[in-house]
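Only one structure is covered here, and it is reproduced in the block below.
Protein chains get the first letters and strands the later ones, always in sequence-line order, with residue 1 at the start of each. What's counted below: heavy atoms across the whole structure, side chains too, no hydrogens, waters or symmetry copies. Worth saying up front: this structure is predicted, and the values here are computed from it rather than measured.
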Number of protein chains: 2
Amino acid sequence: MELKNIYPQFEPELLELLEEKGMHKTFAAGEVILRTGQYIKSTALILSGCIKIYRENEEGGEFLMYFLQAGQACAVSMICALQADTSEIMAKAEEETEVLLVPVELMESMMTKYRSWYQYVIQTYRSRFDEMLTVIDHIAFQNMDERLEFYLKRYSEQTGKKMLELSHQQMADDLNSSREVISRLLKKMEQQGRVKLHRNLVEVVK
Amino acid sequence: MELKNIYPQFEPELLELLEEKGMHKTFAAGEVILRTGQYIKSTALILSGCIKIYRENEEGGEFLMYFLQAGQACAVSMICALQADTSEIMAKAEEETEVLLVPVELMESMMTKYRSWYQYVIQTYRSRFDEMLTVIDHIAFQNMDERLEFYLKRYSEQTGKKMLELSHQQMADDLNSSREVISRLLKKMEQQGRVKLHRNLVEVVK
DNA sequence: GGTGTCTCGTGACCAATGTCACATTACCAC
DNA sequence: GTGGTAATGTGACATTGGTCACGAGACACC
């Protein structure tokens with residue numbers, strides 16, 4: 001995929017610079033890209049695929065925060081990279097994912113020189129901030145059934161699929177709940193005709 | 001309080017610019033500074049006092065996210081201001097608070113021109129991001145007793161007081177819980193000798 | 001088609017927290 | 001002091017969600 005098609009808003013000169021200095025890298029599905037406590041030396045622009053951003057607790061639970069897709073960038077990596085600081089979150093490739101790694105040294109001069117980059121960075125911060133707010137709202141104010149509902153909806157929207165290849169255990173992990181609870185709630189949703197359940201597969205009827 | 005004492009890292013020229021173009025404003029204790037859905041036209045630098053940043057739910061619960069104090073700035077206002085967008089959160093003065101309002105038009109040129117401002121903005125994003133992560137961790141992974149403990153600790157640290165002038169109801173609101181639950185937990189803490197309870201006042205023994 | 005493994009279904013039970021009701025206490029205004 | 005109001009204490013109970021135990025189904029590999 002061409003960089004300029006994914007980031008059409010960037011100036012041609014900026015695109016050239018990114019192509020020249022950026023490093024292409026591909027992660028296999030399931031590969032951990034970024035670990036809590038790891039130092040960050042570059043910002044990742046996603047070219048294709050999907051990255052899961054999550055928070056790990058002591059027992060290894062993977063609490064889902066949000067997904068990143070083509071055209072998006074990791075705000076955390078931007079922030080940390082700029083201070084040569086460590087990450088506080090985990091990132092994992094949901095599917096095979098191609099990224100462009102932009103060295104941190106370039107960031108400041110790009111911010112100053114290219115207005116589209118400046119805009120893009122601000123925009124990225126803004127979206128991630130909103131995403132975090134949404135997460136907070138959901139865990140603070142909603143019950144598990146509403147959260148599951150939202151989870152399935154978002155998953156379906158982001159992947160563009162109505163058939164979600166997820167086990168109950170995976171969903172429970174993402175929502176920091178337990179398999180049994182998710183099973184029960186899904187069963188209820190199935191009885192209401194809102195989903196159809198199969199092995200490792202949830203079909204969103206809507 | 002002099003601007004240059006609160007923000008010693010800023011270049012003299014930047015300080016001058018801020019003094020010239022910024023608008024001083026004082027909010028009374030309890031005054032709402034920023035409302036969900038409100039448009040933002042400037043970024044606020046806090047000169048003195050304390051601002052509470054919280055999320056409001058449908059029933060009017062005020063779920064505390066974090067506090068801002070002298071030397072800090074509202075990341076949300078930075079982000080929103082830059083896109084002339086609306087706020088997603090609420091801000092209220094905890095005590096009498098003095099801020100310097102920096103018009104959004106200045107932001108971009110300041111970012112480009114003053115390295116210390118650029119660093120400051122990045123740093124602000126970083127802190128707020130971390131703060132949001134902490135909030136998520138707490139509501140996702142911790143029980144109410146641990147959250148209450150952390151809440152009191154933070155409150156005490158931020159105000160520098162051991163006597164917290166809070167009613168049980170206020171704490172319950174901040175933690176999105178109910179008064180009875182907080183009362184019970186506080187009672188338990190008192191029995192363990194970790195706090196002393198008075199009317200509208202919690203004394204942290206530590 | 002037998003066997004093992006992973007996934008899912010489900011009832012019983014428990015812990016944490018929210019809700020309700022009402023008593024008690026502290027403080028304020030007069 | 002007296003009365004009123006706001007804050008707090010507390011028991012009873014409901015609800016949500018987590019845990020345990022175990023069984024049933026699905027799928028793979030031989």
Side-chain angles (χ1 to χ4, degrees), chain A residues 30 57-64 135-152 155 163-204, chain B residues 30 57-64 135-152 155 163-204:
Chain A
N57 73 353
E58 323 76 49
E59 291 96 37
E62 302 191 351
F63 182 74
L64 172 67
V135 171
I136 290 177
D137 274 5
H138 281 93
I139 43 179
F141 302 135
Q142 305 207 309
N143 290 340
M144 200 48 85
D145 51 355
E146 300 169 291
R147 290 178 51 203
L148 177 59
E149 184 108 33
F150 176 79
Y151 172 81
L152 294 174
Y155 217 107
M163 313 292 274
L164 312 180
E165 291 172 32
L166 293 163
S167 73
H168 297 185
Q169 187 63 60
Q170 277 175 272
M171 295 184 246
D173 287 346
D174 285 345
L175 293 166
N176 193 43
S177 177
S178 73
R179 183 188 62 77
E180 294 93 323
V181 171
I182 300 300
S183 285
R184 276 192 279 258
L185 292 175
L186 281 173
K187 211 68 205 157
K188 209 189 292 175
M189 288 179 70
E190 189 177 41
Q191 281 158 10
Q192 297 168 349
R194 333 225 329 251
V195 293
K196 279 182 191 161
L197 302 178
H198 316 271
R199 189 189 173 84
N200 281 320
L201 195 79
V202 177
E203 187 180 342
V204 180
Chain B
N57 72 355
E58 323 76 49
E59 291 97 39
E62 301 191 352
F63 182 74
L64 172 67
V135 171
I136 290 178
D137 275 5
H138 280 93
I139 41 180
F141 302 135
Q142 304 208 312
N143 290 341
M144 199 49 83
D145 50 356
E146 299 169 291
R147 290 179 50 204
L148 176 59
E149 184 107 34
F150 176 79
Y151 172 80
L152 294 175
Y155 217 107
M163 312 292 274
L164 312 180
E165 289 172 34
L166 292 163
S167 73
H168 297 184
Q169 187 62 60
Q170 277 175 273
M171 295 184 243
D173 287 346
D174 284 345
L175 293 166
N176 192 45
S177 178
S178 74
R179 183 189 62 78
E180 293 93 323
V181 171
I182 300 300
S183 285
R184 275 192 280 258
L185 292 175
L186 282 174
K187 210 72 204 149
K188 210 188 294 174
M189 287 179 71
E190 189 177 39
Q191 281 158 11
Q192 297 168 349
R194 333 230 323 258
V195 294
K196 280 183 192 157
L197 302 180
H198 315 269
R199 189 187 173 87
N200 281 320
L201 194 78
V202 178
E203 186 181 345
V204 180

Among the nucleotides C:dG9, C:dT17, D:dT10, which one has an atom lying closest to any side-chain atom of A:S183?
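Taking heavy atoms from C-beta onward, the closest nucleotide is C:dG9.
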
Nucleotide of D:dT8, C:dT17, C:dT10 approaching B:S167 most closely (side-chain heavy atoms)
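In terms of side-chain proximity for B:S167, the closest of D:dT8, C:dT17, C:dT10 is D:dT8.
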
Is any side-chain nitrogen or oxygen of A:S177 closer than 4.0 Å to OP1 or OP2 of D:dG18?
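Yes, because at least one side-chain N or O of A:S177 sits under 4.0 Å from OP1 or OP2 of D:dG18.
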
Looking only at side-chain N and O atoms, does A:H168 come under 4.0 Å of OP1 or OP2 in C:dG9?
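True: A:H168 side-chain N/O within range (under 4.0 Å) of C:dG9 OP1/OP2.
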
Only counting residues at least two apart or in another chain, list the ones meeting ring pair (Phe, Tyr, Trp, His ring centres under 6.0 Å) with B:Y151.
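Result, ring pair (Phe, Tyr, Trp, His ring centres under 6.0 Å) vs B:Y151: B:Y155.
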
By ring pair (Phe, Tyr, Trp, His ring centres under 6.0 Å) - contacts of B:H198 (at least two apart):
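Per chain and number, B:H198 pairs via ring pair (Phe, Tyr, Trp, His ring centres under 6.0 Å) with no residue.
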
Take atom CD of A:E165 as the centre, draw a 6.0 Å sphere, and report whether it contains more than 12 heavy atoms from other residues, nucleotides or ligands.
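Open: at most 12 neighbouring heavy atoms sit under 6.0 Å from CD of A:E165.
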
Heavy atom of residues 186-204 of chain A under 4.0 Å from DNA chain D: which residues?
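Within this stretch, A:R199 sit under 4.0 Å of the strand.
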
Give me the residues of residues 144-151 of chain B where at least one heavy atom lies under 4.0 Å from an atom of DNA chain D, by number, or none.
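Listed by number, there are none.
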
Polar pairs (N or O, both sides) under 3.5 Å between protein and nucleotides 28-30 of chain C?
none

Are any side-chain N or O atoms of B:N57 and backbone N or O atoms of A:F141, one a donor and one an acceptor, separated by less than 3.5 Å?
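No: the side chain of B:N57 does not pair with the backbone of A:F141.
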
Answer yes or no: side-chain N or O of A:R179 and base N or O of D:dG18 forming a donor-acceptor pair under 3.5 Å.
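Counting by modelled atom types and ignoring angles, no donor-acceptor contact under 3.5 Å is found here.
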
Is it the case that the base of D:dC20 and the side chain of A:E180 share a donor-acceptor contact (distance under 3.5 Å, atom types as modelled)?
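Yes, the side chain and the base share a sub-3.5 Å donor-acceptor pair.
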
From B:M171 CE over to B:R147 CZ, what is the distance, rounded to the nearest 0.5 angstrom?
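Answer for the CE-CZ pair, B:M171 versus B:R147, is 14.0 Å.
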
Which whole-number value in Å describes the distance from B:M171 CE to C:dG18 P?
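That distance rounds to 15 Å.
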
When the axes are fitted on five pairs at both termini, how much does the helix from C:dG1-D:dC30 to C:dC30-D:dG1 curve, in 10° steps?
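Axis-to-axis angle, ends of the helix: 30°.
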
